[in-house]
Amino acid sequence: MSNTPNSDSSQPTKLWGGRFRSGPSPEMAALSLSVHFDWRLAQYDLRQSQAHARVLHAAGLLTDDELSRMLQGLQQLSADVATGSFVPSEDDEDVHTALERGLVERLGAELGGKLRAGRSRNDQVSTDFRLYLRDQSVAIEAELVRLALAFVEQAEKHVDCPAPGFTHLQHAQPVSFGHELAKHSHALARDISRLQDWRARHNYSPMGAGALAGSSLPLDPQGVARELGFTDALANSIDAVSARDFVAEFLFVCAQIGVNLSRIGEEVILMASREFAWAKLDDAYSTGSSIMPQKKNPDIAELSRGKAGRLIGDLAGFMATAKSLPFGYNRDLQEDKEPVFDAVETLLLLLPAVTGMIATLQFDTAKMADSAPTGFALATDIAEWLVRNRVPFRVAHEVAGHCVAVAEEKGCELWDLTDADFAAISPDLTPEVRSVLTTEGSLNSRAAFGGTAPIRVREQLVALRRSLQG
Ligand code: ARG
């Protein structure tokens, strides 16, 4: 292979080579290759190149005519990338190499070779990646909004449906099922705000940093930053090419979304089980078994649970790569892309399926309502009724616990105890205690802000809907 600079456009394009006597060995070239995954950045690289061409023109390094031909060439290349008529070749090391070849093929080596002045793949790749992630964060956010609204819609239909609420997966206290469903929208709303925070914190441009020290050419990093929609340019060129906390933080948000989806999945799996039988999955959002004809399986919910592991792995793997890296560009940094592509593509595949599953779930409200007060779930209501009658909580707790023990012994629920049973347990337990031994009474009594009383849940849902649609 020739080691002369690429003046001849029939030669494979290389962005380096002048100081080498031989080309890379096949093993070296194979290891180095990233174009099979970083091609996803092609349109961002081209957008960046247009901004860079304008900067070179403003600096007097491209004539008016050269600029207009350069912009035309870049536009043509962008169209050819979009239609698939320009694709990377086997010899293209990465997306930047492939696109320079494309430009040289369209404009000739003389003009095509001018664009690289004043920039390095080090500032280029970080800029491309930030532009890509900015778009993906918006796409993921839109999917999260859809899912959060699907929960709000289901919650609105079930505000007045009582259901058992759990701690330790044991009946704890009755809750409004709408309250139960709405909790997921709140978690998802925080994921949405994490993505928004991420965009605000990392919307800064590395362009102009060059390899690491900035450029001796009269470039305008802040102008380029503005043109690409960044808030500003990064203020330290070494930081600009070295920083990857924008990657780590993005992967954390993806992993956190995965964890939330896994908990949603786990809940759906339980609710759709024959033992719970609270929820029925829609046929379009469940699968069958190849051997057991009766089966209807919650595969979307299981894949939500499973893919959370993968998203956590993407974060953990990247953090291990970034740890202890010296500042300035190191080739290790090429390993930042695949975990991010995987996380983004996993979420964009998973979220619409989860939204469809949630939106189409059918709930057996009678079954939930029947079981809401069982398992002595109203014991706290007895204790709090006593407290309202001036009994110290320490005593009230004991007395209510005693009621549970007697009911358990008799094999009945708390409201089946007789007046005599209550009186024998404590003289404070007058027959009026029955006023709190209903599910409705229990729910309505939890009416402070954030509580499960239907009146509060309705307010909560109005606010949620407003903030999600705002
Ligand atoms: N493919 C490289 C990456 O993804 C581009 C930057 C290469 N820079 C270099 N100095 N070799 O990080």
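Whatever order the structure lists them in is the order used to number ligands and atoms, beginning at 1.
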Inset, instruction - Please report the C-alpha distance between Asp65 and Arg69 in whole Å, then the side-chain angles of each, then the deciding distance to 0.1 Å, and finally whether the salt bridge (Lys or Arg N to Asp or Glu O under 4.0 Å) criterion is met. - result: CA-CA 6 Å; Asp65 173 59; Arg69 282 192 291 134; 3.2 Å; yes

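Close contacts between ligand 1 and Asp94 involve ligand atoms 1 (N), 5 (C) [criterion: under 4.0 Å to a heavy atom]. Less than 4.0 angstrom separates some heavy atom of Lys337 from each of these atoms of ligand 1: 3 (C), 4 (O), 12 (O). Ligand 1 places these atoms under 4.0 Å from at least one heavy atom of Gln334: 1 (N), 2 (C), 3 (C), 4 (O), 12 (O). Within ligand 1, counting atoms from 1 as listed, the ones closer than 4.0 Å to a heavy atom of Ser34 are 1 (N).
When each of Leu464, Leu188, Leu181, Val462 is tested with Val152 by the rule side-chain contact (heavy atoms from CB on, under 4.5 Å), just one qualifies, namely Leu464.
When all heavy atoms are compared, the tightest approach of Leu443 to Pro454 is CB-CD, 4.2 Å.
The protein heavy-atom contact nearest to atom 6 (C) of ligand 1 is Tyr329 OH, 3.4 Å. When hydrogens are left out, the protein atom nearest atom 8 (N) of ligand 1 is Asn122 OD1, 3.0 Å; that is the closest non-hydrogen contact.
A ring-ring contact (aromatic ring centres under 6.0 Å, His included) check over residues 197-228, counting only residues at least two apart or in different chains, returns the pairs Trp198-His202, Trp198-Phe250. Screening residues 139-155 for side chain to side chain donor-acceptor pair (under 3.5 Å), with sequence neighbours left out, gives Glu141-Gln196, Glu141-Arg199, Glu143-Arg146, Glu153-Arg465.
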